Amino acid sequence: MRFRIATAAALLVPALPGPAAAQESVRDRIASLEVRELLFTPVRPREETVGGVTVYFLPDHELPLVTFYAVFKGGVSNLPRDYLAAASAMPTMLRSGGTATLPPDSVDLRIESLALAMSFGQGGGSASSWVNSLAEHLDEAVPLWAAMLREPRFDPARVEQWRGAELERVRRRGDDPASLAYSRFNRIMYGDHPIGWEMNAGDLEPGDVAEERLRHVHEALFCPGNMVLGVAGDVDWDRAEALLGQVLSGWPPCSGNLLEYPVPDIRRDPGVFVIHKPIEQSVVIAAHSSSLRQGDTPAYFASRIGNSILGASGLSSRLNTEVRTREGLAYGASSLWTASRRNDGLLGAVTRTRPESTLAAARLLLEVPGSMRDAPPAGEEVARVVNEAVNGFVFNFGTPLQVVSRSMTYHTLDLPEDWLERYLRGIQRVTPGAVHDVFRDQLDPARMTILLVGDTTRFDGSPSELGTVTILEEDPPPPPPDPSPPRGSPRSPG
């Protein structure tokens, strides 16, 4: 993969002492420098198989540290609504709920005595966990980590502690207007789909996190048939393979209780939704559905460059130039353009502003994206964004764990192993005309759904000026009284 390092003469010259002529001479010399094109060969991990599970392995003997990493396909989106609390609690329970043979305090003591770093999490349709250990402690660290993944205790006191903390989080959700706005906007756009679900007190009754529900989620998610593994650090393959064999030996197969991911029915109609909240900054979100999918296509790569030009590239983006620099309405604004492999996403923008400029900011969130439809971006805009990506390419290979975890992610998403290189080649081919075409194809400001969260008594006009208005309460509606019906068919455990 070839890419050229850019010079920064314009940034260096102002700091140089001396008369203007001398500075100009230095500027000319710097500008005339030629940097040879660099040939970079991306590092790739070895792909192995242990017990039928794919393993990505990359040794690194610089430091005596080793990381074992596991990713499991599936999550909240593959379970009925009445398992929302149990699925949401799972990462915390695996870390803090003890194992079949060790109570929580003993697990904590073992982690501390071995100086382990450990993580459990979920999101984006998958769950993950890793443990980082000194190489000399692997024979103790890896079995402990495996026991936490395979044989959780679900200690009742820790479960109740999580439930109480989650109830308090639900109660205080409105304290953060941005979180409230994002959560409610997802609800508006996705409805009764996992992306649109909002946890509330009705989801957190004691029975919602009963042991049988936790076991149901665990047996469906945390099993070899859903798993991909990674190992990076100061360890040879023979030792890593032996430890992974111990991890997988006797691990029960997946229960088959995961459901197929439900295809979201994203809102198509425009509208304005308003939540009155007496705060000093309004939150404004405007977006509509986009049919663009992630893939090795010119349109996808053009959309990534276009999104950066519009608002994803920070202070130099068009949205920030208009909303922040020229109009002074907000500290910043950003665009969003989600594109998954399987389903439609969202295209739009978000900002925060004074109540007295709420409608003015909302209009800019419609007008600035519209400018991307009206005319192609300047060649300099495209070149700037592409150069930023190219010059940062090497930082994707900063550590062996980065390389391994990225390979695991691509495996989980069914992306080719050289996706990063394909992405870089793709964006380097993007032209202003391609950006213009993809915005004309995908963006329609008249279809935008707009959410305003703020003190409506101080707004700079009526929200009805933007479209048909629906008033929402700050607290979300309760979930259906009966369990949600199954969606699709169970997925096979393999």
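FYI, the numbering just counts along the sequence from 1. Worth saying up front: this structure is predicted, and the values here are computed from it rather than measured.
- Between Phe72 and Trp251, the ring-plane angle classifies as tilted under the 30° and 60° cut-offs.
- Checked for salt-bridge contact, Arg215 and Glu212 miss the test: no charged N lies under 4.0 Å from a carboxylate O.
- For the pair Arg150 and Phe222, the cation-pi test (distance below 6.0 Å, angle within 45°) is failed.
- In summary, Arg318 and Glu322 do not engage in a salt bridge, as defined by a charged side-chain N under 4.0 Å from a carboxylate O.
- Checked by atom type, the side-chain pair Asp344/Ser291 shows no donor-acceptor distance below 3.5 Å.
- Seen from the ring of Tyr261, Arg342 counts as a face-on cation partner, given the 6.0 Å and 45° thresholds.
- Residues Asp208 and Arg81 are not paired through a salt bridge, judged by the lack of any N-O separation under 4.0 Å between the basic side chain and the carboxylate.
- Under the 3.5 Å distance criterion, with hydrogens and angles disregarded, a donor-acceptor pair is assigned to the side chains of Asn320 and Ser317.
- One finds a salt bridge joining Asp139 and Arg239 here, because a Lys/Arg side-chain nitrogen approaches an Asp/Glu carboxylate oxygen to under 4.0 Å.
- The CD atom of Gln294 sits 11.0 Å away from atom OG1 of Thr338, with the distance rounded to the nearest 0.5 Å.
- Annotation: cation-pi pair Arg213/Tyr83 present, NZ/CZ under 6.0 Å from the ring centroid and within 45° of its normal.
- Checked for salt-bridge contact, Glu421 and Arg425 miss the test: no charged N lies under 4.0 Å from a carboxylate O.
- Residues Arg384 and Ser316 bring a donor and an acceptor atom of their side chains to less than 3.5 Å of each other.
- Using the six-membered ring where Trp is involved, Tyr423 and Trp419 have ring planes that are tilted, between 30° and 60° apart.
- A salt bridge is defined here as a Lys NZ or Arg NE, NH1 or NH2 lying under 4.0 Å from an Asp or Glu carboxylate O, and Glu166 with Arg169 meets this definition.
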